[in-house]
Amino acid sequence: MKGKRDNPMSKHNANVRLPRAKGIDMATVYTPKECAVKVKHFLLPERNHNIVAEFLAILGMREVFEEHGVPIPNKVVMYGPPGTGKTLTAFYMAKMLDLPLILVRLDAIIHSHLGETGSNIRKIFDYARSYPCVLFLDEFDALARTRESNDEVKEMARAVNTLLQCLDDFGDKSIFMAATNLEKELDRAIWRRFDTKMTYELPDDQSRQLYMERLIGPFAREEGILADACEQLAGCSFADIEQIMLKAKRKAIIEHKPLHKKHVSASYQEYQPAVM
Ligand SMILES: Nc1ncnc2c1ncn2[C@@H]1O[C@H](COP(=O)(O)OP(=O)(O)O)[C@@H](O)[C@H]1O
Ligand SMILES: [Mg+2]
């Protein structure tokens, strides 16, 4: 592998300023190092892991693909329930590619004035095109809803058209990633623009167990707690599991006791996850 210091892509873009709207930056920029910190406990289920691995392998062979005249993929859409690792995947991708992650702030982009939202979308895409990076749009459905099914029909139709144009003009230096919980409501034309699609699901028994094991780590525990907790937290997202296990650890710490299944069940009761 190429040394990180040699990678011209890792250079931060000092020449172009982040566009602003409503008095704030339209995005938050994370360095690859900051991204690496975020994905410390990341657990990517096998199917998505394979998709990501292939994606990274292709990007590592850019020249070969150019020789063959085969376009490289660079538009990823991720969908599935909240708290299953979509956002983390964007951080992971940026870390693996050693590129900065540009996390778009929807609150800055979406504007009540007609045309303003579209113009903001264009600005942030132009910015992301100006140097290699991962541009990430979370809660993508807020911008890319079907043109018919929207209340603010005109404004959104215009924004969706702008988005389509921006996706077509994006080039292949940067990566575009989008996440949504509402894939059925995405505009079909937008949907077709993505070359890579990943579904996210709530953790199954095996991933739940693995994740809990990681979260407990070297913390002292009663025997058999993992099996019990695993059963109790069935149907929880990774994000729920994390919150519940943290709560349980806090309870154990203030009692000066090893982690016990009653800590987990009390935390579960208090946290009340929206189990699906
Ligand atoms: N697959 C996963 N592996 C490890 N932790 C996860 C995973 N999915 C979610 N989490 C935890 O939940 C939090 C929210 O996850 P996030 O990636 O934002 O979910 P989503 O974008 O799917 O709603 C993360 O910061 C992490 O603590
Ligand atoms: Mg998210």
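As the structure lists them, so they are numbered: ligands from 1, and atoms in each ligand from 1. Note that these values count all heavy atoms, side chains included, but never hydrogens, waters or copies made by symmetry. All figures in this text were calculated on a predicted structure; none of them were measured in a lab.
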*Determine, considering heavy atoms only, which of Pro203, Gly83, Pro81, Ser207 sits nearest to atom 15 (O) of ligand 1.*
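Ranked by closest heavy atom to atom 15 (O) of ligand 1, first place is Gly83.
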_If you count every heavy atom of other residues, nucleotides or ligands that lies below 6.0 Å from Glu255 atom CD, does the total exceed 12?_
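Buried by this count: over 12 neighbours within 6.0 Å.
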_Within 6.0 Å of CD in Gln269, more than 12 heavy atoms from elsewhere_ =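 Result for CD/Gln269: enclosed.
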Do me a favour and list the nearest non-hydrogen protein atom to [atom] with residue, atom name and distance?
{"atom": "atom 3 (N) of ligand 1", "result": "Leu43 N, 3.0 Å"}
{"atom": "atom 10 (N) of ligand 1", "result": "Phe238 CB, 3.4 Å"}
{"atom": "atom 21 (O) of ligand 1", "result": "Thr87 OG1, 2.7 Å"}
{"atom": "atom 5 (N) of ligand 1", "result": "Tyr211 OH, 3.1 Å"}
{"atom": "atom 13 (C) of ligand 1", "result": "Ala239 CB, 4.0 Å"}
{"atom": "atom 17 (O) of ligand 1", "result": "Leu88 N, 3.0 Å"}

_Show me which atoms of ligand 1 lie under 4.0 Å from any heavy atom of Glu242._
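Contacts of ligand 1 toward Glu242, numbered from 1: 11 (C), 26 (C), 27 (O).
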*Provide the number and element of each atom of ligand 1 under 4.0 Å from a heavy atom of Pro82.*
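Answer for ligand 1: 23 (O).
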What I want to find out is whether [X] reaches [Y] closely enough, with some N-O distance under 4.0 Å, to be called a salt bridge.
{"X": "Asp25", "Y": "Arg20", "answer": "yes"}
{"X": "Asp205", "Y": "Arg208", "answer": "yes"}
{"X": "Lys261", "Y": "Glu223", "answer": "no"}

When you look for heavy atoms under 4.0 Å from ligand 1, do you find them on the side chain of [X], its backbone, both, or neither?
{"X": "His41", "result": "backbone"}
{"X": "Lys86", "result": "both"}
{"X": "Tyr200", "result": "neither"}

Is a side-chain donor-acceptor pair under 3.5 Å present for [Y] with [X]?
{"X": "Tyr271", "Y": "Asp240", "value": "yes"}
{"X": "Glu242", "Y": "His41", "value": "no"}
{"X": "Ser174", "Y": "Tyr131", "value": "no"}

_Using the rule given for side-chain hydrogen bond (donor to acceptor under 3.5 Å, both in side chains), can you reason through Thr117 versus Asn120, listing the C-alpha separation, both sets of side-chain angles and the distance that settles it, and then say yes or no?_
CA-CA 5 Å; Thr117 305; Asn120 288 342; 5.7 Å; no
*Short N/O distance, under 3.5 Å, between Gly85 and ligand 1?*
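Indeed, backbone or side chain, Gly85 has an N or O that close.
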